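Below is one structure; the comments refer to it alone.
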Amino acid sequence: MSQKVLLNTKEVNIILHRLACQLIEKHLDFSNTILIGIQPRGAFLAKRLTEILKEEYQISDLKLGLLDITFFRDDFRRSEKPFEANQTQIDFLVEDKNVVFIDDVLYTGRSIRAALTAIQSFGRPKSIELLTLIDRRFSRDLPIQPDYRGRQVDAINNEKVLVKWKENDGEDAVYIEVKS
Ligand SMILES: O=c1cc[nH]c(=O)[nH]1
């Protein structure tokens, strides 16, 4: 197994700021917008973007929720091991809101398909967009594409993209891991 750096700490930081600015361009004061981090790893990205939007761009009216998709996965019944569910925390109405799903890696699109089903329990959003830090190009099983992307990467099937966050993994960085 070998690892190569795709994005270092500085590059991750620059991309986070760009993504925050792109969200501001589209959502202005965020009064009608809800950011939803897809559990588990999208939550780190969603929290980071929220911090940047609040602290560096003075967006005060931000609503951040976390969505667990475990029971909505299409392989849920196929797994031999029990899945471990994460917390869903959405403390506001989703009805008629502009929702932005936030996840770290977009790969097959199946997690986002599950999230589209899961969010329906909370109401009917006006719109749903997708923001991802890493878009693994040509890897999709479903017709799902990001509206905001940090970096697009062509990774082949024996490669895995690993996104690390300093609060959880000790550093902000993205690696490509090649299984030998
Ligand atoms: O490469 C991949 C694919 C899905 N999820 C990841 O975290 N990495």
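Whatever order the structure lists ligands and atoms in, that order sets their numbers, starting from 1. Treat the numbers as computed from the prediction; the structure is a model and nothing was measured.
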Are [X] and [Y] ion-paired here, with the side-chain N under 4.0 Å from a carboxylate O?
X	Y	value
E129	K26	yes
D141	R113	no
D104	R48	no

Would you say the side-chain atoms of [X] pair up with the backbone N or O of [Y], donor to acceptor, closer than 3.5 Å?
X	Y	answer
D68	N86	yes
T132	R149	no
R140	Y107	yes

message: Students should find this: residues with any non-hydrogen atom under 4.0 Å from ligand 1. What is the answer?
response: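 Within 4.0 Å of ligand 1, protein side: V105, Y107, R136, K160, V161.
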